[in-house]
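Here's the structure, in structure tokens; my notes come after.
In what follows, residues are counted from 1 in the order of the sequence shown.
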Amino acid sequence: MIHKLSILLIVGLCFGLVLSSPLQDTNAQRLARGLPPIPPKFARGIIGARNKPTPAQGSKRATTSPLPPVTLTGRLELRNKDGSSLGHVRNWQSGGTISGVNALGPDKDLLVSLTFSPSNPKFINILATNPAFPAPFFVGGGTSSTVTVPSLSLGSRSTVPFTNVESTPPGSLL
């Protein structure tokens with residue numbers, strides 16, 4: 001009986017050692033042999049745990065990054081009502097305002113930079129880059145009439161006089 005009990009104890013110990021030894025190698029052992037690492041288990045060993053990847057509850061939703069402003073440089077071209085070019089705006093050297101068609105050659109043209117945001121292209125800053133006139137150096141349009149404000153749009157024949165202006169908030173009528 002003692003003999004049977006000792007054999008049963010030895011078999012039980014061997015069985016326990018087999019169960020307690022890892023069934024898989026560690027990732028370090030696998031990498032040392034040139035094998036890929038074992039995929040994560042995501043709490044598969046816990047009773048009642050689902051076999052799903054870790055949720056990304058704390059992650060932020062993807063949003064488009066804001067686009068940087070676009071700056072274009074060039075000259076302001078004046079056009080006739082039929083669309084033909086009259087020339088470019090001249091760069092006055094007097095105390096006057098910006099106005100008039102340049103007939104003195106390209107070196108007397110007013111050069112400007114137009115800056116706008118691609119996400120909201122309806123607000124444009126126009127800045128004189130080679131001003132020969134006194135400040136302010138922003139170029140803007142306006143009218144002296146408070147009753148009718150000209151509206152420019154594609155195909156419109158409206159005209160708006162322009163001059164040098166102080167920087168104003170986008171969309172302002174002042």
Side-chain angles (χ1 to χ4, degrees), residues 27-28 30-31 34-43 49-174:
N27 280 336
R30 291 178 59 84
L31 291 171
L35 298 173
I38 302 168
K41 293 187 179 183
F42 298 111
R50 292 181 285 187
N51 192 9
K52 291 185 177 181
T54 305
Q57 295 168 346
S59 66
K60 295 180 180 179
R61 297 290 173 221
T63 58
T64 305
S65 298
L67 297 172
V70 174
T71 300
L72 305 172
T73 57
R75 302 175 291 175
L76 294 176
E77 183 178 30
L78 302 171
R79 293 186 168 260
N80 203 344
K81 288 184 179 183
D82 64 3
S84 61
S85 177
L86 295 172
H88 296 95
V89 175
R90 70 179 155 196
N91 192 5
W92 281 88
Q93 293 182 355
S94 68
T97 62
I98 303 169
S99 65
V101 179
N102 179 20
L104 303 174
D107 58 327
K108 299 294 183 181
D109 285 344
L110 177 65
L111 302 178
V112 295
S113 69
L114 288 89
T115 305
F116 64 94
S117 170
S119 57
N120 191 4
K122 101 182 196 186
F123 300 119
I124 301 172
N125 281 329
I126 305 173
L127 182 65
T129 58
N130 69 335
F133 49 85
F137 301 126
F138 284 93
V139 178
T143 182
S144 58
S145 171
T146 57
V147 178
T148 58
V149 177
S151 175
L152 295 178
S153 61
L154 186 61
S156 169
R157 294 187 181 262
S158 297
T159 60
V160 176
F162 57 94
T163 185
N164 50 328
V165 296
E166 295 288 337
S167 179
T168 57
S172 67
L173 298 175
L174 300 174

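- Between Pro68 and Pro118, the shortest heavy-atom distance links the atoms O-CD, 3.3 Å.
- With no hydrogens or angles considered, no side-chain donor-acceptor pair links Ser113 and Thr73 at under 3.5 Å.
- Minimum interatomic distance between Pro69 and Thr115 (heavy atoms only, all atoms of both residues): CB-CG2, 4.1 Å.
- The backbone N or O of Phe137 sits nowhere less than 3.5 Å from a side-chain atom of Asn164 that would complete a donor-acceptor pair.
- Minimum interatomic distance between Gly87 and Val101 (heavy atoms only, all atoms of both residues): CA-CG1, 4.1 Å.
- Contact between Val89 and Leu78 at its shortest, heavy atoms only, is CG2-CD2, 3.8 Å.
- The salt bridge (Lys or Arg N to Asp or Glu O under 4.0 Å) check on Arg30 picks up nothing, with sequence neighbours excluded.
- Asp109 and His88 make their closest contact through OD1-CB, 3.5 Å (heavy atoms, listed as atom of the first residue, atom of the second, distance).
- Tested against Leu111 for a side-chain contact (heavy atoms from CB on, under 4.5 Å), the candidates Asn130, Leu127, Leu76 yield a single pass: Asn130.
- Nearest heavy atoms, Leu110 versus Asn91: CD1-OD1, 3.8 Å.
- We find the CG-CG distance between Leu35 and Asn27 to be 10.5 Å, quoted to the nearest 0.5 Å.
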